[in-house]
Amino acid sequence: GIGNNTSKQGLLTVANRKRLIDDLYAGNPRVEAHIYTGLTGEFAEKAGACAIIRGVRNTTDFEYERTMEATNHRIYPDITTVMLFTPSPVADISSSTVREVLSFGRSVEEFMPKGIDIILINRIVMMEFTAEMIAGFLGGDIVGDKETKVHTVSSIEEGKAGSLTYLTNPKYETFLYSTGASIVLVNRSFEPSQQVSATLIKVDDAAACVLKLLEMYNAAKPRRSGISKLASVAEKAEVGADCYIGDFTVVEAGVKIGKNCQIYPQVYLGAGVTVGEGTILYPGVKVYEGCRIGRNCILHAGAVVGADGFGFMPNAAGGFDKIPQLGNVVIEDDVEIGANTCIDRAKTDSTVIRRGVKLDNLIQIGHNVQIGENTVSSAQTGIAGTSRVGRNCFLAGQVGIADHVNVGDFVKIGSKSGLDKDVPDGEVRFGYPALPGMQYHRSAAVFKRLPELEKLVHNLEKQLAELKK
């Protein structure tokens with residue numbers, strides 16, 4: 001029996017609870033879930049039950065339930081109440097605890113009893129929130145209906161009823177007046193120029209608040225656990241506590257995997273690879289022997305770490321002899337590698353990706369390259385062997401860097417630029433061959449007029465020839 005207490009707003013609605021129980025016990029004819037309103041004893045009597053089983057977490061619960069048991073026994077003497085104490089590891093967990101943990105953007109998985117179905121966590125994540133609850137969490141002010149409810153997040157252009165969206169860029173303001181979203185986060189200083197149908201929540205920094213909400217949602221997503229029976233894990237591999245290893249993953253001898261790692265299906269970890277704690281390797285990631293990956297890294301599907309660098313020597317027969325690549329790849333902590341990005345092993349020593357680097361999809365990093373801390377690169381960038389990129393640099397899409405080039409710290413390189421020379425700290429480069437920012441823009445302005453300039457020069461040459469006659 002699922003009691004419908006209309007005076008309380010539960011973490012899950014009674015309908016959600018019923019669906020959860022139905023899902024958990026699907027196919028078991030001995031278990032049925034029913035929603036009831038009113039006295040539990042009355043429901044039990046109508047159902048023909050002889051006992052009511054109550055779960056209690058502590059002495060406070062027990063005292064309350066004992067009073068209820070005495071009342072039930074007077075009204076329904078043929079129905080016995082049985083008290084079951086919650087196991088100690090989860091005895092202090094309540095819906096209030098789960099709400100509080102979620103509000104700080106932390107995972108709630110550790111607060112769930114072992115064996116509980118993944119549906120419960122999904123339903124917690126997708127629960128409805130009122131504008132009042134969100135404003136309280138973010139420290140915002142409500143303009144509109146404080147009881148407005150949302151259960152998902154959307155862009156302001158695609159907003160629909162029941163979704164929360166945000167306005168952080170003034171150029172999207174026009175969508176505010178037509179969006180179907182129920183709640184919109186805006187900066188506290190924002191004043192609409194037209195009527196807004198959605199409820200507004202004004203906060204100090206809308207962009208930061210959106211990030212906070214998304215982090216909360218992401219942290220609440222369920223984590224997988226356990227080692228699949230279909231995975232191949234060598235006896236001499238070391239796997240830390242609370243790790244997940246998916247189907248058809250291969251972990252060879254000498255591999256060391258830290259605690260709380262998520263290794264998805266069809267990942268390959270070669271002999272002697274180390275993976276730091278909290279790292280996520282998505283499906284199809286391949287890490288060749290001897291490479292090292294730090295803590296809290298994310299490698300997306302299809303990323304390849306440690307394939308041979310592109311090294312060949314012309315021979316007398318007109319062909320090429322392969323140069324052995326004997327080094328490895330070292331990826332430090334907090335690095336994210338995009339899908340199908342390749343990082344080649346060094347000829348000797350190491351190819352190094354420093355702490356905090358973020359690489360987009362489809363990037364090629366050559367052998368013995370070093371990329372400094374917190375440098376970011378967009379998709380389809382290629383960095384040839386033995387080049388070095390400093391810290392806190394930004395490389396836009398399709399940048400090409402030739403071999404043995406040194407790029408300083410805090411450098412910004414525009415999309416489709418090609419570098420074949422060193423770049424000092426703090427410089428900006430555009431074009432191919434890459435030029436300093438202002439020089440490139442001046443050159444680009446001239447390039448646009450080349451046909452007219454060519455015609456002008458041709459006419460001047462004709463005039464000069466006439467004068468020489």
Side-chain angles (χ1 to χ4, degrees), residues 304-314 320 322-323 325-332 335-338 340-451 453-454:
V304 178
V305 175
D308 283 354
F310 193 69
F312 299 91
M313 181 74 70
F320 294 90
K322 182 177 176 63
I323 300 172
Q325 306 292 301
L326 304 180
N328 70 347
V329 175
V330 175
I331 297 175
E332 295 185 350
V335 170
E336 184 156 351
I337 308 295
N340 293 318
T341 284
C342 296
I343 304 174
D344 290 348
R345 68 172 55 247
K347 181 169 67 174
T348 60
D349 305 314
S350 299
T351 301
V352 182
I353 312 298
R354 300 287 181 194
R355 178 192 297 267
V357 167
K358 313 299 180 189
L359 301 179
D360 199 359
N361 304 331
L362 297 168
I363 288 175
Q364 167 63 33
I365 307 297
H367 61 85
N368 290 90
V369 166
Q370 295 195 21
I371 300 180
E373 292 184 3
N374 300 315
T375 283
V376 176
S377 177
S378 296
Q380 297 185 340
T381 287
I383 304 177
T386 320
S387 287
R388 298 193 176 199
V389 179
R391 61 188 176 91
N392 295 97
C393 294
F394 176 77
L395 282 62
Q398 296 185 333
V399 166
I401 300 178
D403 59 293
H404 297 84
V405 169
N406 291 320
V407 177
D409 300 333
F410 299 97
V411 170
K412 295 179 175 61
I413 305 173
S415 60
K416 298 188 178 181
S417 296
L419 274 67
D420 58 358
K421 294 181 175 60
D422 293 353
V423 181
D425 293 350
E427 292 280 334
V428 177
R429 290 290 187 271
F430 289 98
Y432 179 81
L435 299 172
M438 290 307 299
Q439 183 181 348
Y440 168 80
H441 289 301
R442 287 194 294 266
S443 300
V446 172
F447 178 79
K448 293 176 183 178
R449 299 180 56 225
L450 279 181
L453 291 174
E454 190 273 338

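Values reported hereafter were calculated over all heavy atoms of this structure, with side chains retained and with hydrogens, waters and symmetry mates removed. Keep in mind that this is a model prediction, so the values were computed, not measured.
- Between L395 and V407, the closest side-chain pair of non-hydrogen atoms is not below 4.5 Å.
- No donor-acceptor pair under 3.5 Å is formed between the side chain of S350 and the backbone N or O of G327.
- Formation of a donor-acceptor pair under 3.5 Å by the E332 side chain with backbone atoms of R355 is found in this model.
- Closest approach of G414 and A396 over heavy atoms only: C-CB, 3.8 Å.
- At distances below 3.5 Å, at least one donor-acceptor pair connects side-chain atoms of D422 with backbone N or O atoms of N406.
- Side-chain N or O atoms of N374 include none that pairs as donor or acceptor with a backbone N or O of R391 at under 3.5 Å.
- Here the shortest heavy-atom pairing between V405 and S387 reads N-OG, 3.0 Å.
- Contact of the V305 side chain with the I337 side chain is not registered, since no non-hydrogen atoms from C-beta on lie closer than 4.5 Å.
- Taken to the nearest 0.5 Å, the CD1 atom of I353 stands 12.5 Å off from the CD atom of E373.
- T386 has its side chain within reach of H367: a pair of non-hydrogen atoms, C-beta onward, lies under 4.5 Å apart.
- Residues meeting the side chain to side chain contact (heavy atoms under 4.5 Å, CB included) test with K358, sequence neighbours left out: E336, V376.
- Within the model, atoms OG of S377 and CD1 of I413 stand 8.5 Å from one another, a figure rounded to the nearest 0.5 Å.
- Looking only at distances, a side-chain donor or acceptor of D425 sits under 3.5 Å from a matching main-chain atom of D409.
- Residues V329 and I365 fail the side-chain proximity criterion, which asks for heavy atoms closer than 4.5 Å.
- The backbone N or O of A379 sits less than 3.5 Å from a side-chain atom of D360, completing a donor-acceptor pair.
- Counting only heavy atoms from C-beta outward, the side chains of I323 and K347 approach each other to under 4.5 Å.
- L326 CG to D349 CG: the interatomic distance, rounded to the nearest 0.5 Å, is 10.5 Å.
- Under the 4.5 Å side-chain criterion, counting only non-hydrogen atoms from C-beta, V352 is not in contact with I371.
- The two residues R429 and S417 come nearest to each other via the heavy atoms O-OG, 3.8 Å.
- Taking D403 as the reference, A384 meet the side chain to side chain contact (heavy atoms under 4.5 Å, CB included) condition, with sequence neighbours excluded.
- Looking at R345 and D308, their side chains come closer than 4.5 Å, going by heavy atoms from C-beta outward.
- Remark: side-chain polar atoms of S415 are not paired, donor with acceptor, to backbone N or O of G397 under 3.5 angstrom.
- With rounding to the nearest 0.5 angstrom, the CG atom of N328 is 10.5 Å from the OG1 atom of T348.
- Contact annotation: the side chain of I331 approaches that of I343 to within less than 4.5 Å [non-hydrogen atoms, C-beta and beyond].
- Rounding to the nearest 0.5 Å places NZ of K412 at 9.0 Å from CG of N392.
- Sorted by first and then second residue, the ring pair (Phe, Tyr, Trp, His ring centres under 6.0 Å) pairs with a member in residues 369-411 form an empty list; sequence neighbours excluded.
- The nearest pair of heavy atoms linking I383 to V389 is CD1-CG2, 4.1 Å.
- Here the CZ-CG distance, from R388 to N368, works out to 9.0 Å after rounding to the nearest 0.5 Å.
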